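Structure, as structure tokens:
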Amino acid sequence: MSTAAHYKPNVRDTLFNLFEFLEIQKTSLGKAPFGDLDEATVRQTIETMVPVCEGIMAEAFTEGDRVPLQFDPKTGTVTLSPLMQKAYASYFETGMNALDLPVHLGGLGAPPTLAWGSFEFVIGSNPAAAFSFLGNVLARIIDSLATEAQKKRFVGPMLEKHWAGTMVLTEPDAGSDVGAARAKAKQVKDDVWHLEGVKRFITNGDIGDAAENIIHLVLARPEGAGPGTKGLSMFIVPKFLVNEDGSLGERNGVFCTNLEKKMGLKASATCEMTFGDSKPAVGWLVGNVHDGMRQMFHVIEHARMAVGLKSMATLSTAYLNALAYVKERKQGADLMSARDKNAPRVTVIHHPDVRRMLMLQKSHAEGMRALVLFNASLQDQVELLGGHKNEAAAEPNALNDLILPLIKGYCSEKVYELLGMSLQCYGGSGYLQDYPAEQYIRDQKIDSLYEGTTAIQALDLLARKVAKDGGATLQGLMGRISKTLETNEGGDALKAERAALAEALGQLQTGLGALMGKLGESVYHMGLQGNRVLFSLAEVVIAWLLVRHAAVALDKQKTATGPDKAFYAGKIASARFFCAEVLPNIELAMKQVEKSSLAIMELPEEAF
């Protein structure tokens with residue numbers, strides 16, 4: 001096969017989530033503040049998007065990996081491969097950029113469920129291209145946080161001229177420890193500042209002629225500001241200066257000074273960016289207020305959700321590619337006839353271990369999609385109830401915050417493991433560039449590293465999200481799961497799955513209680529056991545959603561015909577497999593939490 005046609009979307013499962021499980025046609029579509037969209041329009045929009053993703057986006061995915069980025073150190077510019085440039089343009093030419101823009105900015109005003117659900121196709125077909133579309137997100141953030149003069153200067157041109165955008169936090173000596181940043185800012189006049197410093201690992205810090213301009217949202221420390229993250233402010237720093245009327249001025253003093261050589265995601269320009277070296281780097285203080293870290297978290301939270309989505313989307317297409325291969329490739333006799341040398345050769349999908357690997361991929365991909373879109377439905381609710389600052393939206397807002405580290409931490413970590421299993425389905429052929437599996441692995445590994453490593457997600461979950469309200473939001477989530485168990489959702493057909501879920505939920509609650517007790521001894525226990533807790537909580541929530549999906553599928557199956565009948569059978573099988581094969585691992589994980597020891601923290605460094 002040609003890896004240029006690598007992308008296999010699971011449109012049917014996305015539509016199931018949106019319209020049969022979440023029922024956004026009843027809860028979100030056409031309701032203020034969202035745009036005037038209905039189910040038919042949404043289905044048509046997705047039908048229009050998917051061929052673009054299967055076409056130019058997927059073709060550029062392969063070329064971008066094989067054709068190196070070109071970096072000119074004299075001008076500080078990066079040139080993308082020809083197909084990557086076409087992929088960037090196609091996103092705007094087909095109007096995909098308008099989907100999640102609010103109506104007042106000229107967009108369609110899609111609710112988050114639809115925005116994230118459809119963005120899976122973009123990021124699954126070409127993650128490097130998908131992250132170059134951050135300008136759309138930054139325009140929305142500037143529109144909500146900036147002064148009126150800043151909005152007038154930047155927002156319109158960003159959207160009309162399809163400018164790119166970046167988030168600029170990391171420095172050579174300040175990675176996850178953002179508060180150690182040394183980039184500085186000196187006020188010139190009013191909201192105009194000059195920035196100096198070097199930033200590192202900046203995604204798409206320069207993409208050459210693909211975009212007319214790039215807007216960098218930069219964290220820097222104003223002169224006289226205090227240490228740590230509280231001393232950081234956020235600035236709008238354009239590649240080319242922008243006049244008051246939105247027209248372009250001269251080149252600003254921010255340049256790409258190095259291009260990283262990476263394991264994967266090679267089509268994405270990961271840049272070292274130098275500010276204020278050869279000429280002043282002019283920036284505008286966002287909102288003319290010093291509230292940088294809080295402002296940047298609008299970008300960070302979006303990025304963390306996107307990274308989790310990227311992992312899930314990669315697993316989904318990897319599974320579907322592996323599935324297509326094992327249905328065609330003949331190898332060996334059926335195990336039941338292994339001793340019969342004259343037995344016919346069967347396709348690889350007949351072999352038990354291959355089926356086990358396929359179901360692990362299928363159930364996790366569907367479960368992660370359910371997790372992402374359930375969280376997106378909470379974001380729908382937040383907007384419908386007046387936004388993040390409205391007290392009426394406090395419950396879904398807090399639950400969204402709680403689930404975000406599960407999406408980013410669990411999906412990114414688990415998918416890397418499962419992609420190895422996906423490659424295994426091909427045998428030796430999976431190790432070749434003839435198939436996309438090896439590139440999927442290389443391109444996905446970054447997901448557990450950037451936007452906060454997995455351990456950071458676990459600490460965020462426990463020390464911030466759970467602790468900030470004394471565990472009330474977590475208890476509320478567990479209450480939702482208990483309600484499914486109490487109401488016998490799915491009837492007798494899912495009795496065993498509900499029992500497995502109830503057992504896992506109880507084990508998780510016991511383990512969490514044990515960890516809280518151990519924190520009295522040392523906070524190191526949180527660091528040692530945080531990942532286990534995050535993974536276990538994610539798997540309980542995923543199992544809960546899969547059981548609920550299966551209940552819907554059981555009901556729909558009664559009248560289903562053709563491909564739908566097989567689809568619903570697959571949904572039920574995913575829930576049963578996950579509950580039988582994945583949930584039992586939680587018992588061991590929680591026993592390890594209960595027996596958490598500080599022995600390795602007391603071990604001298606010389607002993608390692």
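Nothing here was measured: the structure is a model prediction, and the numbers come from that model. Heavy atoms only: backbone and side chains are in, while hydrogens, waters and symmetry mates are out. Sequence positions, counted from 1, serve as the residue numbers for this chain.
Annotation: the span from Gln507 atom CD to Glu587 atom CD amounts to 4.5 Å, rounded to 0.5 Å. Atom CG of Leu114 is separated from atom OG1 of Thr45 by 7.0 Å, given to the nearest 0.5 angstrom. Glu413 contributes atom CD, which lies 4.5 Å from atom CZ of Phe535 (distance to the nearest 0.5 angstrom). Taking CG of Leu385 as the reference point, atom CG of Asn397 lies at 10.0 Å (rounded to 0.5 Å). Atoms CG and CG, on Leu265 and Asp443 in that order, are 5.0 Å from each other to the nearest 0.5 Å. One finds the CG atom of Leu105 at 10.5 Å from the CE atom of Met158 (value rounded to the nearest 0.5 Å).
Checked by atom type and distance alone, the side chain of Ser118 pairs as donor or acceptor with a backbone atom of Ala115 at under 3.5 Å. In this structure, the side chain of Asn136 engages the main chain of Asn97 through a donor-acceptor pair within 3.5 Å. The main-chain N or O of Tyr524 is found under 3.5 Å from a side-chain atom of Ser522 such that the two form a donor-acceptor pair. Remark: side-chain polar atoms of Gln295 are paired, donor with acceptor, to backbone N or O of Val286 under 3.5 angstrom. The backbone N or O of Thr484 lies less than 3.5 Å from no partner atom in the side chain of Arg498, so there is not a single donor-acceptor pair. Formation of a donor-acceptor pair under 3.5 Å by the Arg304 side chain with backbone atoms of Glu451 is found in this model. Counting only distance, with no hydrogens or angles, the side chain of Thr314 and the backbone of Lys310 share a donor-acceptor pair below 3.5 Å. Although no hydrogens or angles enter the test, the distance criterion places no donor-acceptor pair under 3.5 Å between the side chain of Ser596 and the main chain of Val593.
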Please lay out, stage by stage, how His364 and Tyr319 fare under the test side chain to side chain contact (heavy atoms under 4.5 Å, CB included).
-> CA-CA 10 Å; His364 277 88; Tyr319 160 66; over 6 Å; no

Taking it one step at a time, do Trp284 and Phe235 satisfy side chain to side chain contact (heavy atoms under 4.5 Å, CB included)?
-> CA-CA 5 Å; Trp284 283 258; Phe235 300 87; over 6 Å; no

Run the salt bridge (Lys or Arg N to Asp or Glu O under 4.0 Å) check on Asp401 and Lys468 step by step: do they pass?
-> CA-CA 11 Å; Asp401 286 347; Lys468 72 178 181 181; 3.5 Å; yes

Begin from the C-alpha positions of Tyr91 and Met57 and carry the test side chain to side chain contact (heavy atoms under 4.5 Å, CB included) through to its verdict.
-> CA-CA 9 Å; Tyr91 183 72; Met57 288 285 182; 4.1 Å; yes

From CA spacing to verdict: side-chain hydrogen bond (donor to acceptor under 3.5 Å, both in side chains), Arg369, Ser316 = CA-CA 9 Å; Arg369 182 177 293 109; Ser316 182; 2.8 Å; yes

From CA spacing to verdict: side chain to side chain contact (heavy atoms under 4.5 Å, CB included), Val372, Met368 | CA-CA 6 Å; Val372 167; Met368 290 174 185; 5.5 Å; no

Please test Glu39 against Lys26 for salt bridge (Lys or Arg N to Asp or Glu O under 4.0 Å), starting from the C-alpha separation and ending with a verdict.
-> CA-CA 9 Å; Glu39 182 177 345; Lys26 298 178 182 177; over 6 Å; no

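At a threshold of 4.0 Å, the pair Lys483-Glu486 does not count as salt-bridged, since none of the basic side-chain nitrogens sits closer than that to a carboxylate oxygen. A salt bridge does not link Lys408 to Asp447: none of the charged nitrogens lies less than 4.0 Å from a carboxylate oxygen. Ion pair Arg43/Glu47 not flagged as a salt bridge, since none of the NZ, NE, NH1 or NH2 atoms sits closer than 4.0 Å to an Asp/Glu carboxylate oxygen. Using a 4.0 Å cut-off between charged nitrogen and carboxylate oxygen, Glu148 and Lys151 count as a salt-bridge pair. Of the charged side-chain nitrogens involved, none lies within less than 4.0 Å of a carboxylate oxygen, so that Glu171 and Arg200 do not count as a salt-bridged pair.
Contact annotation: the side chain of Leu474 never approaches that of Lys465 to less than 4.5 Å [non-hydrogen atoms, C-beta and beyond]. Between Arg153 and Gln150 the shortest side-chain heavy-atom distance does not fall below 4.5 Å. In this structure the side chain of Val289 never reaches within 4.5 angstrom of the side chain of Leu145, judged on heavy atoms. Residues Thr317 and Pro9 form no side-chain contact, since every pair of their non-hydrogen atoms from C-beta on lies 4.5 Å or further apart. Considering only heavy atoms from C-beta on, Gln44 stays 4.5 Å or farther from Asp38 through its side chain. Residues Trp163 and Val242 form a side-chain contact, since some pair of their non-hydrogen atoms from C-beta on lies under 4.5 Å apart. Counting heavy atoms from C-beta outward, Tyr450 and Val307 have side chains that approach closer than 4.5 Å. Using a 4.5 Å cut-off on side-chain heavy atoms (C-beta onward), His525 and Leu515 make contact.
Between the side chains of Asp380 and Ser28, a donor-acceptor pair is found at a separation under 3.5 Å. For the residue pair Asp143 and His104, a side-chain donor N or O sits within less than 3.5 Å of a side-chain acceptor on the partner. Under 3.5 Å, the side chains of Gln457 and Tyr410 contain no donor-acceptor pair of N or O atoms. No donor-acceptor contact under 3.5 angstrom links the side chains of Glu594 and Thr510, judged on distance only.
Shown here are the salt bridge (charged side-chain N to carboxylate O under 4.0 Å, His left out) partners of Lys571, two or more places apart in sequence or in another chain: Asp13, Glu366.
Taking the six-membered ring for Trp and thresholds of 30 and 60 degrees, Trp544 and Phe374 have ring planes more than 60 degrees apart, a perpendicular arrangement. Classified by interplanar angle (parallel below 30°, tilted 30° to 60°, perpendicular above 60°), the ring pair Phe92/Tyr88 is tilted.
Under a cut-off of 6.0 angstrom, the local environment of NZ in Lys230 is sparse, with at most 12 non-hydrogen atoms contributed by other residues, nucleotides or ligands.
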